[in-house]
Amino acid sequence: MSRPQCPRCQRPLSHCLCLLIPSLASRTQVLILQHPSETGHALNTARLAALGLTNAELRVGESFEDLPVDDGTDSFLLFPGVDAVPLEQLAKRVEPLRLIVPDGTWRKARKLLHLNPSLAALPRVALPAGLVSRYRLRKAPMSGALSTLEAIVTALNTLEGAGRFDPLLRPFEALIEAQIDAMGAEIYQRHHGNRQQS
C-alpha cells in the first residue's frame, strides 16, 4: 500500500518539502524537459527546481513539438558539447534569455536531443569545469556532473548574481538527508561514504 503523497512536491506527507521550497523570481526563463523515466524517481530534482522558480516550466516527454525556440527570446541549451560556450559569456547580456535543460540520465538526455532536432540545433552553454555535486547518493558518471537542480542553481547564480538562487538547494539537501536516514548510516557509509573522501 502506498503512503499518502503531497500533491505539490509528490513526497510522502511525512516528508513533505513544501515549507523548504522557495519562490524565487529570475529574469532568465528556465524550461526543463524531463524524460518520462525520471518522473517517479524519489530524488526528482527537476520538479524541485520548477516548484521553486516562478519563471520555470517543467515538461515531461520524449518528443516536444512546440518548443518555444522562435518566440523572440534567445534560447540556449544547457548541455555540454564541443561547441558549448562558457555560461559566463552570457552573464553580461542585457536581454533576458531562456535556458532549456534536459533532465534524465546522460543517455536519456542525449536521446531527447536525438528525438528533437530543434532542441539539438540550439546554441549550447556549459557550466564551469571542476564543479562538485552535493548529490551524495548517486555516483557522478563524469567529473563535474551535477543534478539537474544543482546545474540550474549554478547557471542562474552565474547569470544573475552569486548566491541568489542558493535557497533552491535547501529542499534538495533535506531530500538527500531523508534518503540517508531511511537507508541508515551504516548502509550509507558502506555504499557511499568512500565517495566523500575521493
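All of these numbers come straight from a predicted model, not from anything done at the bench.
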Quick one: [atom1] on [X] to [atom2] on [Y], what's the gap to the nearest 0.5 Å?
X      : Y      : atom1 : atom2 : value
Leu169 : Leu175 : CG    : CG    : 12.0 Å
Asp103 : Ser37  : CG    : OG    : 8.5 Å
Cys16  : Gln10  : SG    : CD    : 11.5 Å
Arg124 : Leu113 : CZ    : CG    : 5.5 Å
Ile152 : Leu99  : CD1   : CG    : 8.0 Å
Phe64  : Leu112 : CZ    : CG    : 6.0 Å

Checklist entry - Using 4.0 Å as the upper bound for N to carboxylate O, is an ion pair formed by Lys111 and Glu62? => result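 Yes, this pair counts.
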
Checklist entry - For the side chain of Arg27 and the backbone of Val94, is there at least one donor-acceptor N/O pair under 3.5 Å apart? => result yes

Checklist entry - Where the side chain of Glu38 meets the backbone of His35, is there a donor-acceptor pair that is under 3.5 Å apart? => result no

Which pair of non-hydrogen atoms, one from [X] and one from [Y], has the smallest distance, and what is that distance?
X      : Y     : value
Val125 : Phe76 : CG1-CD2, 4.0 Å
Ala155 : Leu87 : CA-CD2, 3.2 Å
Thr28  : Asn55 : O-ND2, 3.4 Å

Checklist entry - With Leu78, which of Val30, Leu127, Thr148 fulfils side chain to side chain contact (heavy atoms under 4.5 Å, CB included)? => result Leu127

Next on the checklist: Heavy-atom count check: over 12 atoms from other residues, nucleotides or ligands less than 6.0 Å from Asp83 CG?
Outcome noted: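 Counting other residues, nucleotides and ligands, CG of Asp83 exceeds 12 neighbours.
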
